[in-house]
Enquirer: 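Please find one structure pasted underneath; my questions will follow.
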Amino acid sequence: MSEQTGRTDEAATYDMTAAQERWRKVWEELDPFRVGSAGPDAEKRYALTMFPYPSGDLHMGHAEVMALHDVIARYWWQRGYDVLNPIGWDSFGLPAENAAIRNDEHPATYTYANIETQAESFRRYGISFDWSRRLHTSDPEYYRWTQWLFLKFRERGLAYRKNSPVNWCPNDQTVLANEQVVQGMCERCGAEVTKRELNQWYFKVTDYAQRLLDDMDALAGTWPDRVLAMQRNWIGRSEGAHVDFDISLADGSTRTVTVFTTRPDTLYGATFMVVAADAKLAAEVVAPAQQAALAAYVEDVRKATDIDRLSTERPKSGVDLGVTAVNPVTGERMPVWASDYVLADYGTGAIMAVPAHDQRDLDFARAFGLPVRRVVDVPDAEGNPEETFVATTGDGTYVNSGPLDGLADKAAGISRIIEQLEADGRGTGTVNFRLRDWLLSRQRFWGAPIPVVHCPDCGEVPVPEDQLPVRLPDDLRGADLKPKGVSPLAAAEAWVNTECPACGGPAKRDSDTMDTFVDSSWYYLRYLDPHYEDGPFDPAQAREWMPVAQYVGGVEHAILHLLYSRFFTKVLHDMGMVDFVEPFSALLNQGQVINQGKAMSKSLGNGVNLGEMIDRYGVDAVRLTMVFAGPPEDDIDWADMSPGGAVKFLQRAWRLAGDVTAPVGTSAEGGDVALRRATHKTLHEVEQLIEGHRFNVVVARTMELVNVTRKAIDSGCGPADPAVREAVEAVAILLSLVAPYTAEEMWERLGHQPTVARAGWPTVDPALLVEDTVTAVVQIQGKVKARLEVAPDISEADLEQLAMADPAVVRAIDGRPVRKVVVRAPKLVNVVV
RNA sequence: GCCCCGAUAGCCCAACGGCAGAGGCAGUGGUCUCAAACACCAUCCAGUGUGGGUUCGAAUCCCACUCGGGGCACCA
């Protein structure tokens, strides 16, 4: 009902809150996103978003990732795919346990209350989840299979126990995996991590190091490069050699010690050996006279946190072990030292020190007056490291290196030394990984109990499968759960005391629980049938749906969750349970929602409350703001956003629906061609933009279409033109990906039945993508001098002829000889004079 | 120290190696109004962080640097 003023007679706005309430009920009845509803012939696509941890209500970060993820899932539905888009909760973990201690409750109380709150918020937020696949990792029905998988891994030798110095968080009173220690601090609470010697369960991820590395090649292009780089970095493959050194012990015997080095070619420059002070080896080889000194030193090292250890300015420290080792190529005796700069759990825990060509070794040599011998003459070095105390690591010519002398090729030097060592039986070429086994025991309550019984007679006995799940006791609460350095389960007498499944005698349950990352390493498979009884997942469903076609989530899981899930999938593959080796074919990492340049935090007081934003602007405007903010990978600074602008745009789009007067079902054939072209061009372009995850541009294109449609109605073909209906219906369908409530309101106003979410993607008419004429640009020396309206299929020769005949071009050339003419029909001619 | 990513208008961001501007925010002027809000119309605004190179032509490709963000780090 436009008048010449452009004002509408009808109410210029609609009530977003009322729309939200209304459509939610309709959608719940229609259940439009139930998997299988696209028909039996539809291609299947699994859309997955990282499931939330139930701490409180949803926050801005959830709002962002879900909005982005939903664009893909809803687009797939519109394109006719059968989409699996499930939701569940990663519901074991520390916050619930800490809340239980505070409130004198069981952790389940907090957990399941928050899950309900979040579920309600997700529904209001209008995400296209299939709620029938809902799961919670803290349900016995779920963790039964987490435990089952643990037992299978154990059977395959992939879950084992060992004594080892482990990362200990003194605040959370539990051990941590390497992946959970960030800069020497607990990833969760920020406390400084210390070391403890404990007997713990591990998953043997290291067996899969090479495959985890190799299989990443197939993910290149569909996973962010940065995530692949981080995983490669974490796995840390390095090539080198194992070299054997004989140590003459104080009692006259000889002990062979193997070191790992990436520079076996510098072996002639090895002038001493260093072993990790806290490794067994140090205690085993130390001379009696030095035993006390070593013990004192180790005590100092133990006390130091990783923070101290990691400081590179820290002066080198160590203890002479009072024994000597024989350099296998020179035959020279060299002293053996212990130091904390050598790590017990990397390589072999012992190194050959080549001070001339390794700065750390040189610093150590200098601190203790040990000899330095240069064996590589590096041409552009600033001087001899023996004098400058600057180690040279570059390429150069070998000197003081026996048979290598004069050689100037590092690769050749390395392979020659390895050949020599292998011939002498003193070493081998080898590959070393930085990755270490995954420590999965946790001394906390709210996790899946490790399904093992310790029997005084039979030892370690797995709980039989038919006795799974080993349920958590439900009668512990509050103070019962306080961390004591051992799991609270150890004090639950009724729970921990059991009978041995093997001999029937009295025995104790393993009282540790599993790292919650075990739970999340396989949940995507459980979604396929969360109530499946015959195994952790239905293998037939896995064949149908896996791998996940698109995974969306935060980059904070680049190593932890994603590496562990890849590991699990490979093990399941080796067990013959799945027929693929990678769980997630494509990965999208959204950025963070920040405020005023900084991450939102309580201490900064810059938090933005999602519920308040929704109350103020409505769900659609918040979602639209998230999607429109910029490329999905970029951080969104909420302070730079204008959700009010999103509201304005949605109202503007919505008003279009009220202006359409052509009846429902009117063919757009014969409608205004310019508007039809704009509509079809937009739809076509959006298809490609969504494939490329450029959702912000999708919104911009939709805005553009709204603008041209507005113009067509007010000052063009008028509201009755069938092209207007076609355009507005396209707008509603485009908006259904981002702003489902507004889209539904529009769809209804246009006279359609709900739901627009399943209306189907309009068919793009290729004939409408071709323009009658295009503008060709004529440049002289790269500067635009003229524009020509030409047919899109003009030949290069014709275009060149036209261009050269143009008066402006003739004037610009000004009689100069033409050296070259570049023609790119139909868009450009460049004349070089 | 090593490895990634980024830098375009006051701000958020677009631009198959081919006219630097799609969209939005903010601003300015107008229409409407008693006035305002809303809405609508119009409009202002940078030569793409710096320096080189490749090319007929570079925001785009290459090299070096600056700044910002992130990851790894006594890893032998």
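Every heavy atom of this structure was used, including side-chain atoms; hydrogens, water molecules and symmetry mates were not. Since this is a predicted model, take the numbers as computed values, not measurements. Letters A, B, ... are given to chains in the order of the sequence lines, protein chains preceding strands, and every chain is numbered from 1.
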Enquirer: Think A:Lys827 has a side-chain N or O under 4.0 angstrom from the OP1 or OP2 of B:rG18?
Expert: no
Enquirer: Pick the P atom in B:rU50 and in B:rA7, then give their distance to the nearest Å.
Expert: 13 Å
Enquirer: Among B:rA73, B:rG18, B:rG24, find the nucleotide with the atom closest to the side chain of A:Gln779.
Expert: B:rG18
Enquirer: Can you tell me if the side-chain N/O atoms of A:Arg655 get under 4.0 Å from OP1 or OP2 in B:rC40?
Expert: yes
Enquirer: Work out how far the C1' atom of B:rA20 is from that of B:rC45, and round it to whole angstrom.
Expert: 13 Å
Enquirer: Which nucleotide, in any strand shown, forms a Watson-Crick or G-U wobble pair with B:rC40, with both distances under 3.5 Å?
Expert: B:rG30
Enquirer: Checking A:Arg237 against A:Gln210: is there a side-chain donor and acceptor pair closer than 3.5 Å?
Expert: yes
Enquirer: Are side-chain heavy atoms of A:Met273 and A:Ile351 found at a separation under 4.5 Å?
Expert: no
Enquirer: Say we look at B:rA14 and B:rC72: how far apart would their C1' atoms be, to the nearest angstrom?
Expert: 34 Å
Enquirer: Between A:Arg436 and A:Asp635, which residue's closest nucleotide on RNA chain B lies nearer the 5′ terminus?
Expert: A:Asp635
Enquirer: Counting only Watson-Crick pairs (N1-N3 plus N6-O4 or O6-N4) and G-U wobbles (N1-O2, O6-N3), all under 3.5 Å, who is the partner of B:rG18?
Expert: B:rC56
Enquirer: Looking at the base of B:rC12, is there any donor atom on it, or on the side chain of A:Asp640, that sits under 3.5 Å from an acceptor on the other one?
Expert: no
Enquirer: Closest approach to the side chain of A:Val697, judged atom by atom: which nucleotide of B:rA22, B:rA76, B:rG18 is it?
Expert: B:rA22
Enquirer: Determine the interatomic distance between C1' on B:rC38 and the same-named atom on B:rU33; round to the nearest Å.
Expert: 11 Å
Enquirer: Which whole-number value in Å describes the distance from A:Met703 CE to B:rC25 P?
Expert: 7 Å
Enquirer: Which part of the nucleic acid, if any, lies within reach of A:Pro224 when heavy atoms closer than 4.0 Å are counted: base, sugar-phosphate only, or nothing?
Expert: nothing
Enquirer: Examine B:rA76: is either OP1 or OP2 under 4.0 Å from a nitrogen or oxygen in the side chain of A:Tyr346? Give yes or no.
Expert: yes
Enquirer: How many whole angstroms separate atom NE2 of A:His242 from atom P of B:rA76?
Expert: 12 Å
Enquirer: Check the pair A:Val777 / A:Val829 against side-chain contact (heavy atoms from CB on, under 4.5 Å), numbers first and verdict last.
Expert: CA-CA 6 Å; A:Val777 174; A:Val829 177; over 6 Å; no
Enquirer: Checking all strands, does A:Met352 fall into the base, sugar-phosphate, or nothing category for heavy-atom contacts under 4.0 angstrom?
Expert: nothing
Enquirer: Should the pair A:Arg655-A:Asp659 be classified as a salt bridge under the 4.0 Å nitrogen-to-oxygen rule?
Expert: no
Enquirer: Would you say A:Arg263 and A:Asp358 make side-chain contact, with heavy atoms under 4.5 Å?
Expert: no
Enquirer: Check whether the side chain of A:Gln359 and the base of B:rG1 form a donor-acceptor pair under 3.5 Å.
Expert: no
Enquirer: Paired with B:rG68: which nucleotide, if any, by Watson-Crick or G-U wobble criteria at under 3.5 Å for both distances?
Expert: B:rC5
Enquirer: To the nearest angstrom, how far is A:Asp358 atom CG from B:rA76 atom P?
Expert: 9 Å
Enquirer: Apply side-chain contact (heavy atoms from CB on, under 4.5 Å) to residues A:Ile813 and A:Met804 and explain how you reach the verdict.
Expert: CA-CA 9 Å; A:Ile813 292 173; A:Met804 299 311 282; 3.7 Å; yes
Enquirer: Could you check whether A:Glu633 gets within reach of a base, just the sugar-phosphate, or nothing at all, counting any heavy atom under 4.0 Å?
Expert: nothing
Enquirer: Under 3.5 Å, is there a donor-acceptor pair between the A:Thr206 and A:Asp437 side chains?
Expert: yes
Enquirer: Mapping A:Asp345 and A:Leu828 onto RNA chain B by nearest heavy atom, which one lands closer to the 5' end?
Expert: A:Leu828
Enquirer: Once you apply a heavy-atom cut-off of 4.0 Å, does A:Val777 come out as touching a base, just sugar-phosphate, or nothing?
Expert: base
Enquirer: Any N or O donor-acceptor pair under 3.5 Å from the base of B:rC38 to the side chain of A:Lys648?
Expert: no
Enquirer: B:rC12 P sits how many Å from A:Arg694 CZ, rounded?
Expert: 20 Å
Enquirer: Let's test this: given Watson-Crick or G-U wobble pairing with both distances under 3.5 Å, identify the partner of B:rC25.
Expert: B:rG10
Enquirer: Quantified in whole Å, what is the P atom distance between nucleotide B:rU48 and nucleotide B:rC40?
Expert: 35 Å
Enquirer: Contact class for A:Arg701 (heavy atom, under 4.0 Å): base, sugar-phosphate, or nothing?
Expert: base
Enquirer: With respect to the phosphate group of B:rG57, does any side-chain polar atom (N or O) of A:Arg824 fall under 4.0 Å of OP1 or OP2?
Expert: no
Enquirer: Report which part of the nucleic acid A:Ala229 touches: base, sugar-phosphate, or nothing (heavy-atom distance under 4.0 Å, all strands).
Expert: nothing
Enquirer: C1' atom, B:rC44 versus B:rA26: distance in rounded Å?
Expert: 12 Å
Enquirer: Rounded to the Å, how far apart are A:Met230 CE and B:rG71 C1'?
Expert: 5 Å
Enquirer: Please report the distance separating the P of B:rG70 from the corresponding atom of B:rA59, rounded so that it comes out in whole Å.
Expert: 30 Å
Enquirer: For residues A:Glu239 and A:Thr262, is any side-chain donor paired with an opposing acceptor at under 3.5 Å?
Expert: no
Enquirer: Nearest-Å distance, CZ (A:Arg226) to C1' (B:rC4)?
Expert: 9 Å
Enquirer: How would you label the contact of A:Asn707 with the nucleic acid (heavy atoms, under 4.0 Å): base, sugar-phosphate, or nothing?
Expert: sugar-phosphate
Enquirer: Of the candidate nucleotides B:rC41, B:rA76, B:rC13, which contains the atom at the shortest distance from the side chain of A:Thr261?
Expert: B:rA76
Enquirer: What is the distance, rounded to the nearest whole Å, between atom CD1 of A:Ile713 and atom C1' of B:rA39?
Expert: 14 Å
Enquirer: Using the glycosidic torsion, which applies to B:rG47: syn (within 90° of 0) or anti (everything else)?
Expert: syn
Enquirer: Categorize A:Phe628 for me: base, sugar-phosphate, or nothing, with a 4.0 angstrom heavy-atom threshold over every strand shown.
Expert: base
Enquirer: Do A:Phe272 and A:Trp337 pass the ring-ring contact (aromatic ring centres under 6.0 Å, His included) test, and can you show the C-alpha distance, the side-chain angles, and the key distance before you say yes or no?
Expert: CA-CA 8 Å; A:Phe272 56 100; A:Trp337 285 66; 7.6 Å; no
Enquirer: Please state the P separation for the pair B:rU66 and B:rA9 - nearest whole angstrom.
Expert: 22 Å
Enquirer: In this structure, how many angstroms lie between the P atom of B:rA22 and the CG atom of A:Asn696, rounded?
Expert: 17 Å
